[in-house]
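Hydrogens, waters and symmetry mates play no part in the numbers below; they use all other heavy atoms, side chains included. From a predicted model like this one, the values you see are computed outputs, not experimental measurements. A, B, ... follow the sequence lines: proteins, then strands. Residue 1 opens every chain.
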Amino acid sequence: MKFRIPRGTADLLPGQVEKWQYVEEKARELCRRYHFSEVRTPLFEQTELFQRGVGETTDIVEKEMYTFEDRGGRKLTLRPEGTASVVRSFVENKMYAEPQPTKLYYIGPMFRYERPQAGRQRQFHQYGVEVFGTLEPSVDAEIIDLGYRFYTSVGLTDVQVELNSVGCPQCRPEHRAALVDYLTPRKEELCKDCLSRLDRNPMRILDCKNESCRRLTEEAPKMIDYLCHDCGPHFEAVQENLKLLEVPFRIDTRMVRGLDYYTQTAFEYVLKGKGGGSLGGGGRYNGLVEEVGGPDMPGVGFAVGLERVILALDEKGVELPLQQGVDCFLITLGAEAKKQGVTLLRKLRDAGLSAERDTMDRKMKGQMKAADRLKASFVAILGENELKENRIGVKNMATGHQETICLDKLVDYIREARKS
RNA sequence: GCGGCCAUGGCGAAGUGGUUAACGCACCGGAUUGUGGCUCCGGCAUUCGUGGGUUCGAUUCCCACUGGUCGCCCCA
């Protein structure tokens, strides 16, 4: 075989793609109800947008970006996440000048150069939402609720929300100092990754999975104990609103998200149980709009990984209510019937029914088999005999019941039968 | 980016240093006249991820590459 799909990408084939459509439809429908509007931004942006937006020291920027130069010498990067692009668009299109808040969502592919694994692709897909312009903690909660509802609406009922506050530029330095003071005397016990995190980003040490680091940070200063007079009450209010919305959550003081732009609220959706992988996450980013060149305007949002949602659905054995099979398979016998079948098929389709026929020149039996394979609800049989009387046979494939009806009644017959 | 495991037809999967590469599923055709899901019969890999090497001879041994997969890192 000459050509192969690029590493870390996947073809979504019939049988699988229906699940995606279903999940995406749920996302769109929820967004409609929560009054979010879709935004579609380019799949690539100036490299610098992500460097600045996502953060120079993040893994994404340091080693995972698909960066290239175009023929005009411009440095471009395939978007590794959605927020930076949406913020850019928000600023560039001066949406900040309109009545706030601005509520946007997106669904689409993202790109990160990583080693592929289950639930990790180089081209993967995210559904994300962003709200700009409001500091209201109830909006943080609303967003968390929306994400949570998304999971439950597709059938993932055992999703846990993990919540934390990562503070703001006001209070973070104090916590950072306390954390460094606490850890420095014990730095021999840190793993090598965390040793370097000690100066670069000590907060990340808190969610290191290394056992020794975990033990060490058990008693370490927690960000939530250092929250300032803005962040503290904000965090409390988010929790209060989550309770009002009956979103089950758990405070995880170790959770620190990997992107630099988060302030205050940070959250993650994880699957309960042993696997417990992350299905999505998000948080507030009050400095990002300004960082990207806009006014000082706050934002909050989440992103969910669609691959992981589909994977979780498969693992949990969730049956999606997908429509399957055609409404009517038209069998024709003989040249004249075949000819009439062409327009008959169109009539069925015009009426909104899904209809198919044999184009492999199969005989009666073969056509029946084909109809069965396509899970046809009905088979319409048009042969010489029927043609003579201007009638047509209709067989209910589930019951086996068959009758002959007037040719013009076929569409109505099937449309009626489909309702029940 | 690092480490382990793996790579045979559309899918699943056996197999051997040497002139036919099991089997199951799927698919195609047939089992008297125009009827599916069951059964029966027949067909379906000049070829064993790619490229080198060892050998008289490799799908089977060695190496590299590519890809998959699991763990780590990180995340969606």
Side-chain angles (χ1 to χ4, degrees), chain A residues 1-10 13 15 54 57-64 79-83 107-128 147 151 191-194 196-197 201 204 207-211 213 255-259 268-271 275 277-282 301-312 325 329 331-334 337 358 360-387 392-402 404:
Chain A
M1 208 184 311
K2 193 155 186 186
F3 295 109
R4 290 215 288 198
I5 194 167
R7 183 161 204 206
T9 66
L13 306 178
V54 178
T57 65
T58 57
D59 274 26
I60 291 178
V61 170
E62 280 184 344
K63 51 185 201 191
E64 296 171 358
R79 63 181 187 191
E81 57 106 47
T83 302
I107 298 177
M110 306 293 163
F111 306 85
R112 290 184 202 172
Y113 191 88
E114 289 187 278
R115 190 102 190 249
Q117 285 175 37
R120 170 177 298 171
Q121 297 277 313
R122 289 184 174 184
Q123 174 175 336
F124 61 104
H125 298 79
Q126 286 187 335
Y127 153 48
Y151 294 113
C191 70
K192 61 178 192 307
D193 287 331
C194 287
S196 73
R197 286 175 180 142
N201 192 350
R204 291 213 66 84
D207 69 353
C208 182
K209 275 83 187 171
N210 182 291
E211 213 177 295
C213 297
M255 188 196 55
V256 177
R257 311 234 353 129
L259 285 73
E268 216 161 276
Y269 299 101
V270 299
L271 208 52
S278 171
L279 291 172
F302 70 65
V304 316
L306 264 18
E307 275 77 5
R308 293 188 179 180
V309 169
I310 302 279
L311 209 60
F329 188 95
I331 290 179
T332 60
L333 302 161
D358 170 59
M360 298 300 289
D361 208 28
R362 292 186 174 94
K363 290 186 268 185
M364 178 71 172
K365 192 188 182 81
Q367 296 193 52
M368 281 301 292
K369 269 188 144 163
D372 186 55
R373 229 182 342 233
L374 294 182
K375 298 192 179 73
S377 307
F378 288 90
V379 163
I381 302 163
L382 190 63
E384 316 261 306
N385 304 340
E386 289 80 5
L387 222 45
I392 190 163
V394 193
K395 179 168 186 172
N396 180 323
M397 292 296 272
T399 63
H401 173 76
Q402 182 171 340
T404 306

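Gln367(A) comes within 4.0 angstrom of nothing in the nucleic acid, heavy atoms only. Gly128(A) comes within contact range of no nucleotide atom at all, as no heavy-atom separation falls under 4.0 Å. Residue contacts for Gly8(A): at a heavy-atom cut-off of 4.0 Å it reaches the sugar-phosphate backbone alone, with no base atom in range. Counting any heavy atom pair closer than 4.0 Å across all strands shown, Arg308(A) reaches a base atom. Ala370(A) comes within 4.0 angstrom of no nucleic acid atom, judged by non-hydrogen atoms across all strands.
Comparing the same atom, C1', in rA14(B) and in rA45(B) gives a spacing of 14 Å after rounding to whole Å. Taking the C1' atoms as reference points, rG10(B) lies 34 Å from rG3(B), given to the whole Å. Straight-line distance between the C1' atoms of rC28(B) and rG67(B): roughly 31 Å, to the nearest whole Å. Spacing between rC62(B) and rA76(B) at atom C1', rounded to whole Å, works out to 41 Å. rU32(B) sits 36 Å from rG12(B) when the P atoms are compared, rounded to a whole Å. Distance check on atom C1': rG37(B) versus rA26(B) gives 15 Å, rounded to whole Å. Comparing the P positions of rA21(B) and rU46(B) gives a spacing of 10 Å, expressed to the nearest Å. Distance noted for atom P between rU60(B) and rU47(B): 15 Å (whole Å).
Counting heavy atoms from C-beta on, the side chains of Pro80(A) and Met110(A) never come closer than 4.5 Å. Looking only at side-chain heavy atoms (C-beta outward), Lys363(A) and Lys369(A) stay at 4.5 Å or farther from each other. Between Leu306(A) and Ile107(A), the closest side-chain pair of non-hydrogen atoms falls below 4.5 Å. Taking the side chain as every heavy atom from C-beta outward, Phe329(A) and Asp372(A) never approach each other to under 4.5 Å.
Atom CD of Gln117(A) and atom C1' of rG71(B) are 8 Å apart (whole Å). Distance CD (Glu64(A)) to P (rC73(B)): 14 Å, rounded to an integer number of Å. Gln126(A) has its CD atom 5 Å from the C1' atom of rA76(B), to the nearest Å. Regarding Leu311(A), its CG atom lies at a distance of 10 Å from the P atom of rU69(B), rounded to whole Å. Ile60(A) has its CD1 atom 9 Å from the C1' atom of rA76(B), to the nearest Å. Per the geometry, NZ belonging to Lys63(A) stands 11 Å off P belonging to rC73(B), to the nearest Å. If you take CD of Gln123(A) and P of rA76(B), they are 17 Å apart, rounded to a whole angstrom.
The one candidate from Lys395(A), Met368(A), Arg362(A) that meets the side chain to side chain contact (heavy atoms under 4.5 Å, CB included) condition with Ile331(A) is Met368(A).
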Fill in the dot-bracket string of RNA chain B, one character per base: . for unpaired, | for a pair to another strand, ( ) or [ ] for pairs within the strand, taking Watson-Crick or G-U pairs under 3.5 Å. (((((((..(((.....[....))).(((((.......))))).....(((((..]....))))))))))))....
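For residues 113-126 of chain A, the set of pairs meeting the salt bridge (charged side-chain N to carboxylate O under 4.0 Å, His left out) definition, not counting sequence neighbours, comprises Glu114(A)-Arg120(A).
Side-chain atoms of Tyr151(A) come within 3.5 Å of backbone atoms of Leu279(A) as a donor-acceptor pair (strictly under, hydrogens ignored). Without hydrogens or angle criteria, Gln367(A) side chain to Met364(A) main chain gives no donor-acceptor distance under 3.5 Å. Looking at Arg308(A), its side chain does come within 3.5 Å of a backbone N or O of Ser278(A) through a donor-acceptor pair.
Contact of Arg115(A) with rU69(B) (side chain to base): a donor-acceptor pair of N or O atoms is detected under 3.5 Å. Residue side chain Glu114(A) reaches the base of rA76(B) through a donor-acceptor N/O pair under 3.5 Å, judged by distance alone.
Nearest approach of Gln121(A) to Gly8(A), heavy atoms of both residues: OE1-O, 2.9 Å.
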With B for base contact, S for sugar-phosphate-only contact and - for none (protein heavy atoms under 4.0 Å), nucleotides 31-38 of chain B reads ---BBBB-
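More than 12 non-hydrogen atoms from other residues, nucleotides or ligands lie less than 6.0 angstrom from CD of Glu62(A).
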